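First the proteins, then the strands, lettered A, B, ... as listed; each starts at 1. Model, not experiment: these values are computed from the prediction.
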Amino acid sequence: MNVVVCVKQIPDPATPGELDASTKTLRRSGSIILDDSDAYGVEMGLQLADKAGGGEVILVSMAPNNENKGLRTALAMGAAKALLISDEALAGSDALSTAKVLAKAIERADADLILTATESTDGYTGTIPAQVAELLGLPMVTFAKHIEVDGDRVKVQRQTEAGYDEVESPLPAVVSVTAGVVEPRYPSFKGIMAAKGKPVDELKVADLGLDAGQVGWAGARQEIADVSAAEERKAGEIVEDEGDGAERIVAFLEQLKVI
Amino acid sequence: MPIDNVLVFAEAFEGKPLSSTLELLTKAREIGSNVDAFYTGADADALAPEFGKYGASKVYTTGDLGGALPGAPAAAAIAKMIEGGTTPDLIVFTQTYDGRDTLGRLSARLDRPVLTNGLDLEADGGVAVGTAIFGGNTLIKTRFTGEGPHLVAIRPKSFAAEEGGGGAAEVVTVEVPDIGVAGAAKIIERHVEERSGPKLDEAPIVVSGGRGLGQAEKYEMIEELAKLLKGAPGASRAIVDAGWVPYAYQVGQTGKTVKPTVYLACGISGATQHMVGMKGAKNIIAVNKDKDAPIFSIADLGIVGDVHKVVPKLIELLKARS
Ligand SMILES: Cc1cc2nc3c(=O)[nH]c(=O)nc-3n(C[C@H](O)[C@H](O)[C@H](O)COP(=O)(O)OP(=O)(O)OC[C@H]3O[C@@H](n4cnc5c(N)ncnc54)[C@H](O)[C@@H]3O)c2cc1C
Ligand SMILES: Nc1ncnc2c1ncn2[C@@H]1O[C@H](COP(=O)(O)O)[C@@H](O)[C@H]1O
């Protein structure tokens, strides 16, 4: 069973970016890493391929400047190879443009199952899984907290407001996974060494048969009209607990007349 | 300048409209000349008076979807309505599971961009959406520049719901076109996790616990405290991921948005993704042993102390009062 995992490579959230005042876009700074949220998909893919007794995990990522550090992490975890789409024409791409690119790349991979995270850490649009599924004409199950493959069907426990639903779908399908669906492994030294030799295919927009006018700034069809600072919430009284912390809370609640 | 037609993706749970749906209908009434609702489910007739009261003239419905996950068939049905001559300028969803699924599918189907995580919505001839980044420090207004229908998802609790006094919405059944395998994901069984007391996103008091509790069993004191205060227990994602409490308890960017009168955070550091879900609370109390924990930067009352001392004492004091 071949599993495609979409992985986003993002600037390390430990060093947050800033908004470029002139272009009104996020300035990416610091080192690029594998989005934590996607480590769950990679792990899930590896476990499912393993259980199926064959097949491989293929990564698909769109990133600026042929950035591949995050891919190397996922390859070191055990993925077999990667498709990396990088092109100046993609700068400024919104979720739909990104989905168009990912869908075209996924078509090359002959996948039985396509995994994504429910939302990325830096963009968190959260619509890409559905957009990719629609573009590929595939069924989709989002917010998976448990996945099992049974022959040519996938069984998913899908998170809901009230609990979870058991959902079944034929394969191939797109499934988005939540954090906690599995425990991602740490790459072993052997894995890290092996990753260096694994193939990363670099693709351009033209290779995918997409028109540059559909993606990047041209495809986004939206503009930032205004940026402002939010009203700040100020810190109130911060006190050390000297055994009277609970009393202080009670007094505060009394003053608010909620008790 | 208002826009003409707004279509609201309406949702309900156990026969009642979601409060977020009523919030959207209220806002839609303010920015649009005409508001309609779109609803998947067998009970549109029963819901039509409520939808109407909050502003919908019509409720378009697919009827029962026979267990199919709604995203794909709902998007196909809306696209079909548009082909058939319905002309929404704006289609607005709540940032829920099914809302997001339908929005994403529809975006690809209509080839229209999306704006999600909205906190505000403006019609100034076109449509603009307000969002927050950097954990709510910075507000951004983004305007669609292309052709409509514009597609937007709004976070719950962004607007107040108010009745507009309209009569029952007219129920119009729409066709779900055959979408083949794309619509093949089916719900086999639903599991509802029972919880007592007020709902997390409606409770006047929320008591949340985080990793600072140390171990799963200690969450019981959060539940007990919440019960004593007639509030709801909540959680940070750290302890949801660790499996201590169900996902339905999670407050934050990927969980619930809460705006209670009092939010009491126990052993929660105050990551930006947590704070976006609770900084709208009227009053925030935090208990954390680290005086530099970010949560203190937004707390009205901060107790630098050990949750294992402060919380049991608090429970004792409250019990003594009742
Ligand atoms: C894409 C994305 C989405 C996310 N969405 C959410 C979300 O929706 N909600 C959410 O909550 N998080 C979310 N997170 C996770 C978030 O970044 C934090 O990791 C999480 O909120 C931390 O939870 P915590 O505060 O319980 O744990 P920690 O950050 O580990 O904090 C524990 C705190 O407890 C304190 N403490 C320890 N022992 C004691 C004691 N005995 N007494 C008192 N205090 C003590 C410590 O000082 C510390 O401040 C998201 C992350 C990502 C990447
Ligand atoms: N540039 C990208 N390359 C690969 N996968 C992506 C990319 N952007 C988004 N994804 C996938 O889609 C998910 C949802 O992204 P988003 O819609 O940005 O919240 C992410 O968690 C990834 O799994």
Side-chain angles (χ1 to χ4, degrees), chain A residues 16 19 94-96 99 119 124-131 133-135 137-143 159-170 173 179-180 220-230 233 235-241 245-250 252-253 256 258-259, chain B residues 13 69 71 97 100-101 103-105 107-109 113-117 128 132 134 136-146 181-193 205 229 241 247-248 253-254 261-262 279 283 285 296-305 310 313-314 317:
Chain A
L19 210 62
D94 69 343
L96 181 57
E119 54 187 5
Y124 60 96
T125 317
T127 53
I128 284 180
Q131 288 165 324
E134 186 69 20
L135 290 164
L138 291 180
M140 153 191 84
V141 188
T142 46
F143 296 94
Q159 237 163 43
T160 61
E161 284 291 328
Y164 68 92
D165 288 347
E166 273 171 46
V167 179
E168 266 190 46
S169 167
R221 293 167 283 173
Q222 45 189 251
E223 63 180 19
I224 294 190
D226 191 39
V227 178
S228 59
R233 213 184 153 114
E237 196 189 358
I238 311 298
V239 292
E240 288 283 340
D241 176 34
E247 276 92 354
R248 281 176 180 270
I249 295 176
V250 170
F252 187 77
L253 295 174
L256 295 174
V258 294
I259 54 171
Chain B
F13 181 66
L69 273 191
Y97 305 99
R100 264 161 65 161
D101 284 5
L103 171 67
R105 291 264 184 189
S107 150
R109 206 167 246 270
V114 299
L115 287 170
T116 63
N117 286 295
F134 301 142
N137 280 339
T138 308
L139 301 179
I140 294 206
K141 188 161 99 177
T142 310
R143 186 177 289 124
F144 289 105
T145 55
V181 72
K186 291 262 172 349
I187 301 168
I188 307 299
E189 209 180 313
R190 314 204 86 145
H191 295 259
V192 175
E193 281 151 2
I205 298 186
L229 291 168
D241 286 354
Y247 169 76
Q253 180 183 305
T254 38
T261 312
V262 182
K279 70 194 293 185
N283 299 280
I285 306 174
F296 286 136
S297 69
I298 61 162
D300 300 288
L301 174 63
I303 306 290
V304 183
V310 178
K313 182 81 184 292
L314 183 54
L317 290 174

Candidate pair Asp226(A) and Arg143(B), rule salt bridge (Lys or Arg N to Asp or Glu O under 4.0 Å), full reasoning: CA-CA 9 Å; Asp226(A) 191 39; Arg143(B) 186 177 289 124; over 6 Å; no

For chain B, which candidate among [options] shows the most heavy-atom pairs at distances under 4.5 Å?
| options | value |
| --- | --- |
| Ile238(A), Thr127(A), Thr142(A) | Ile238(A) |
| Pro139(A), Gly236(A), Ala220(A), Ala235(A) | Pro139(A) |
| Ala162(A), Gly163(A), Ala229(A) | Ala162(A) |
| Val258(A), Asp94(A), Ile249(A) | Ile249(A) |
| Gly126(A), Gly245(A), Ser169(A) | Gly126(A) |

Please classify the contact of [X] with chain A as side chain, backbone, both or neither, using a heavy-atom distance under 4.5 Å.
| X | result |
| --- | --- |
| Thr138(B) | both |
| Leu317(B) | side chain |
| Asn117(B) | side chain |
| Val181(B) | both |
| Ile298(B) | both |
| Ala132(B) | backbone |
| Leu301(B) | both |

Atom pair CG/CG of Asn283(B) and Leu256(A) - distance to nearest 0.5 Å: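 Asn283(B) atom CG to Leu256(A) atom CG measures 4.5 Å (nearest 0.5 Å).
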
4.5 Å side-chain heavy-atom contact, [X] and [Y]:
| X | Y | result |
| --- | --- | --- |
| Glu247(A) | Lys313(B) | yes |
| Glu161(A) | Phe13(B) | no |
| Val239(A) | Ile303(B) | yes |
| Asp300(B) | Arg233(A) | yes |

Results of ring pair (Phe, Tyr, Trp, His ring centres under 6.0 Å) for Phe296(B) - residues two or more places apart only: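 Here no residue qualifies.
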
Residues in ring pair (Phe, Tyr, Trp, His ring centres under 6.0 Å) contact with Phe143(A), at least two apart in sequence or another chain: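 For Phe143(A), the residues satisfying ring pair (Phe, Tyr, Trp, His ring centres under 6.0 Å) (neighbours in sequence not counted) are Tyr97(B).
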
Max heavy-atom pair count under 4.5 Å with chain A, selected residue of Ala248(B), Gly183(B), Ala299(B), Gly305(B):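 Result: the option with the highest number of such pairs is Ala299(B).
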
Which of Ile205(B), Val192(B), Leu229(B) touches chain A most, by non-hydrogen pairs under 4.5 Å: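 When all of Ile205(B), Val192(B), Leu229(B) are compared, Val192(B) has the most.
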
Chain B contact via [X] - side chain, backbone, both or neither, heavy atoms under 4.5 Å:
| X | result |
| --- | --- |
| Leu253(A) | side chain |
| Ala133(A) | both |
| Ala173(A) | neither |

Verdict with reasoning, Glu119(A) to Thr116(B), per side chain to side chain contact (heavy atoms under 4.5 Å, CB included): CA-CA 11 Å; Glu119(A) 54 187 5; Thr116(B) 63; over 6 Å; no

Val114(B) vs Leu96(A), side chain to side chain contact (heavy atoms under 4.5 Å, CB included): CA-CA, chis, key distance, verdict: CA-CA 8 Å; Val114(B) 299; Leu96(A) 181 57; over 6 Å; no

Modelled atom types, side-chain donor and acceptor of Thr142(B) and Gln222(A), under 3.5 Å: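 The criterion, which ignores hydrogens and geometry beyond distance, is not satisfied for Gln222(A) and Thr142(B).
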
